[in-house]
Amino acid sequence: MSTLILALAAGAVIGLALGALGGGGSVLAVPALIYLLGFSPASATTASLIIVTATSATALYAHARSGDVAWRTGALFAAAGIVPAFLAGAVAGSLPAALLTGAFAVVAAVAALRMLRPGVAAPPERVRPAKAVGAGAGLGAVTGFLGVGGGFLAVPALVGVLGLRMKRAVGTSLLVITVNSLAALTARTGTGGDLRWEVIAPFTGAAILGAWDGKRLAAKITGQTLQRIFALVLLGVAVLMLVDVLVR
């Protein structure tokens, strides 16, 4: 299968995940860029930030039109993560590839298991500034370190820590992803390795189109079902990446 077709197919899937789930795009983009398209881990994490920044901004617009974005909560969450994302992104490029891949897989697995664990959510729409700032700062550091948008962690935090309903958490996470990804990408300017734009451009275009389809899909599925799908996809990717690190 040609590189262009692989890039288009992978981009469509990542866009669908971002549009429907408010996350999962970069956690899928990084493995796709490494294992399907031959990027190094350092180049893949930087390329994924380019792809996810553009795609999440598009998906954010679609969710905002439906009123599914908690702007105050999202702004607090995102603002707290800007500096940690920038600082972590500045040092991540010098770390061993195996460490980045292993850390990525562990964080994804923990987030997935948290989403699958039953629990009682806090009352929706109640903004807790201290919790929003603390969770946002931690997410920003993970975004910069692992080169991910952070939606796969933002959604569990917005649901479990801040008490947003699942569909509103999906829309709000896209605001957080856009801001954090842009900050981390700025920190990586000039250190991203070999960025193959002939792959990144079609990948991004397909992801943007997929995000619109994902938004329509989200309108037809219950929040609980979205949460379970999101968690199972994360867990599967995490297991595959951990196996790859261990067998090398």
### Task
Verify the distance criterion only: is there a donor paired with an acceptor across the side chains of Thr46 and Ser43 at less than 3.5 Å?
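Checked: Thr46/Ser43 side chains show no N/O donor-acceptor pair below 3.5 Å.
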#### Entry: Test log, rule side chain to side chain contact (heavy atoms under 4.5 Å, CB included), inputs Glu198 and Leu4
CA-CA 8 Å; Glu198 72 278 8; Leu4 177 59; over 6 Å; no
[X], [Y]: one ILVMFWY side-chain cluster at the under-4.5 Å cut-off?
X      : Y      : value
Leu175 : Leu182 : no
Leu37  : Ile51  : yes
Leu6   : Leu33  : yes

[Y] side chain reached by [X] side chain, heavy atoms, under 4.5 Å:
X      : Y      : value
Trp71  : Leu76  : no
Phe203 : Ile208 : no
Val170 : Asp68  : no

#### Entry: Main-chain N/O of Gly67 paired to Arg168 side chain as donor or acceptor, under 3.5 Å
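Flag set: sc Arg168 to bb Gly67 pair under 3.5 Å.
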### Message
Any side-chain to backbone donor/acceptor pair from Thr172 onto Ala70? Under 3.5 Å, distance only.
### Response
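Checking the backbone N and O of Ala70 against the side chain of Thr172, a donor-acceptor pair under 3.5 Å is found.
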Nearest heavy-atom neighbours spanning [X] and [Y]:
X      : Y      : result
Leu60  : Leu174 : N-CD1, 3.8 Å
Ala29  : Ser48  : CB-CB, 4.0 Å
Pro202 : Ala7   : CG-CB, 4.5 Å
Thr204 : Ala54  : CG2-CB, 3.7 Å
Val133 : Ala80  : O-CB, 3.3 Å

### Task
For the pair Thr55 and Ile14, evaluate side chain to side chain contact (heavy atoms under 4.5 Å, CB included) and give the outcome as yes or no after the intermediate values.
CA-CA 9 Å; Thr55 308; Ile14 276 97; 5.5 Å; no
### Query
Of all residues at least two apart in sequence or in a different chain, which pass the side chain to side chain donor-acceptor pair (under 3.5 Å) check with Ser56?
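Once residues adjacent in sequence are excluded, the partners of Ser56 under the side chain to side chain donor-acceptor pair (under 3.5 Å) criterion are Thr178.
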### Task
Mind running side chain to side chain contact (heavy atoms under 4.5 Å, CB included) on Val69 and Tyr61 for me, showing each step along the way?
CA-CA 10 Å; Val69 179; Tyr61 172 73; over 6 Å; no
### Partners passing side-chain contact (heavy atoms from CB on, under 4.5 Å) against Leu36 (at least two apart in sequence or in another chain)
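In terms of side-chain contact (heavy atoms from CB on, under 4.5 Å), with neighbours along the sequence ignored, Leu36 is linked to Ala32.
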### Task
Might you work through the side chain to side chain contact (heavy atoms under 4.5 Å, CB included) test for Phe77 and Leu158, ending with a clear yes or no?
CA-CA 9 Å; Phe77 207 100; Leu158 289 167; 4.1 Å; yes
